[in-house]
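Counting begins at 1 with the first residue of the sequence.
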Amino acid sequence: MQTLQAKNTYPLTALFIIIIIIGVQWGFYESYTSEFPNFENSTNVIHIHGALLMAWLGLLVVQPMLIYFKKVKLHRSLGKVSYLLGPLIIISMFLVGKGSYWRGVDVFPETENLGFMALDIRGLFTFAIFWALAMGYRKTPSAHMRYMIATGILAIGPGVGRGLMSSFDFSPFAALTITDALDLVIVGVLLGVDLAKKNNYKPYLVVFLLLLLGSVLWQIKDSNFWQNFATTYVELFY
């Protein structure tokens with residue numbers, strides 16, 4: 001039988017994802033939503049990518065509430081959508097990253113273009129890893145839930161980061177450094193709570209370490225190491 005505290009975790013999780021969705025809408029308003037219905041600066045791939053991610057975030061809101069209201073069978077049935085959405089999102093992330101690189105070839109210096117690839121590549125691989133772990137641990141609710149939450153946390157950078165740039169004139173480097181720190185603080189707090197309550201802390205530890213690695217890659221995007229890696233990545237995949 002669930003304790004009251006454990007049961008309250010589900011609506012709190014849904015509320016947390018709703019806050020992330022609000023942050024995403026704020027961040028993408030100027031560069032995307034405000035262009036409706038013409039969307040002059042967006043491609044079909046970007047439209048599909050955005051729709052897939054919003055569907056995913058919507059799923060992250062609905063699923064914990066289904067558990068909260070004891071609709072376990074519906075939760076499991078709807079969860080099967082994850083097997084389709086996840087791979088489609090991974091493919092769309094790759095295509096968006098590829099398109100972003102080629103659009104920047106004649107606009108930005110090559111070193112800057114390769115540096116920005118740190119965002120696309122880390123987003124692609126961390127989402128893929130969190131999704132795969134969530135699906136792999138689908139029969140272990142504590143791990144499954146934490147990895148699913150982690151996929152939602154990944155939306156903070158693109159959403160809130162753009163919001164900081166458009167509303168407060170932050171540079172891309174500063175904005176994404178701030179959102180990286182925010183991600184680490186959020187996951188660090190969640191990890192600390194799990195440790196204090198002797199819960200299954202390993203999922204958030206994995207999430208924290210991968211987010212930390214991603215934040216380091218953003219900080220060293222101008223280094224020879226990253227520039228050489230990104231150049232090789234372009235030659236192999238773009």
CG-CD1 distance between L211 and I186, expressed to the nearest 0.5 angstrom: 10.0 Å
Qualifying salt bridge (Lys or Arg N to Asp or Glu O under 4.0 Å) pairs with a residue from residues 171-192, counting only residues at least two apart or across chains: R122-D180
Spatial distance of atom CG (L154) from atom OG1 (T179) [nearest 0.5 Å]: 11.0 Å
Interatomic distance, L217 atom CG to T126 atom OG1 [nearest 0.5 angstrom]: 10.0 Å
Just list the side-chain donor-acceptor pairs under 3.5 Å for residues 143-150, sequence neighbours left out, or say none.
from, atom 1, to, atom 2, distance (Å)
H144, ND1, A134, O, 2.7
R146, NE, D194, OD2, 2.8
R146, NH1, S142, O, 2.8
R146, NH2, D194, OD1, 2.9
R146, NH2, D194, OD2, 3.4

Residues in ring-ring contact (aromatic ring centres under 6.0 Å, His included) contact with Y101, at least two apart in sequence or another chain: Y238
Interatomic spacing from CG in L176 to CG in L119 - rounded to 0.5 Å: 5.0 Å
With E112 via side chain to side chain contact (heavy atoms under 4.5 Å, CB included) - residues at least two apart: F108, P109, F116
Flag, side chain of Q63 to backbone of H75, donor-acceptor distance under 3.5 Å: yes
Test item: L66 and V72 side chains (from C-beta on) under 4.5 Å apart, heavy atoms: no
Donor-acceptor contact present, side-chain R162 to main-chain G159, <3.5 Å: no
Qualifying salt bridge (Lys or Arg N to Asp or Glu O under 4.0 Å) pairs with a residue from residues 228-238, counting only residues at least two apart or across chains: none
Gap separating the OG atom of S42 from the CZ atom of F36, nearest 0.5 angstrom: 12.5 Å
Sub-4.5 Å side-chain heavy-atom contact between D120 and S100: yes
Listed once per pair and sorted, the side-chain hydrogen bond (donor to acceptor under 3.5 Å, both in side chains) pairs that draw on residues 202-224, sequence neighbours left out: T177-Q219
E30, CD atom: more than 12 neighbouring heavy atoms under 6.0 Å: no
Flag side-chain contact, heavy atom, 4.5 Å: S171 against M165: no
Side-chain donor/acceptor of S34 to backbone N/O of Y29, under 3.5 Å: yes
Test item: I89 and W131 side chains (from C-beta on) under 4.5 Å apart, heavy atoms: no
Which residues share a side chain to side chain contact (heavy atoms under 4.5 Å, CB included) with L15, sequence neighbours left out: I19
Residues that Y32 engages under ring-ring contact (aromatic ring centres under 6.0 Å, His included), provided they are two or more places apart: F39, H47
All ring-ring contact (aromatic ring centres under 6.0 Å, His included) counterparts of F225, not counting sequence neighbours: none
Validation: residues 49-62 side-chain donor-acceptor distances under 3.5 Å, sequence neighbours left out:
from, atom 1, to, atom 2, distance (Å)
H49, ND1, S92, OG, 2.8
W56, NE1, T151, OG1, 2.8

Greater than 12 external heavy atoms within 6.0 Å of R76's CZ: no
Heavy atoms from other residues, nucleotides or ligands near CG of D106 exceed 12 (cutoff 6.0 Å): no
ring-ring contact (aromatic ring centres under 6.0 Å, His included) involving W26 - partner list, sequence neighbours excluded: none
Y137 atom OH, over 12 foreign heavy atoms within 6.0 Å: no
Aromatic plane relationship, F168 with F170 - under 30° parallel, 30 to 60° tilted, over 60° perpendicular: perpendicular
Donor-acceptor contact below 3.5 Å, side chain Q227 vs main chain L114: no
Which residues share a side chain to side chain contact (heavy atoms under 4.5 Å, CB included) with A128, sequence neighbours left out: I90
CZ on F208 to CG on L184, rounded to 0.5 Å: 5.0 Å
Y68 vs T9 side-chain heavy atoms within contact, under 4.5 Å: no
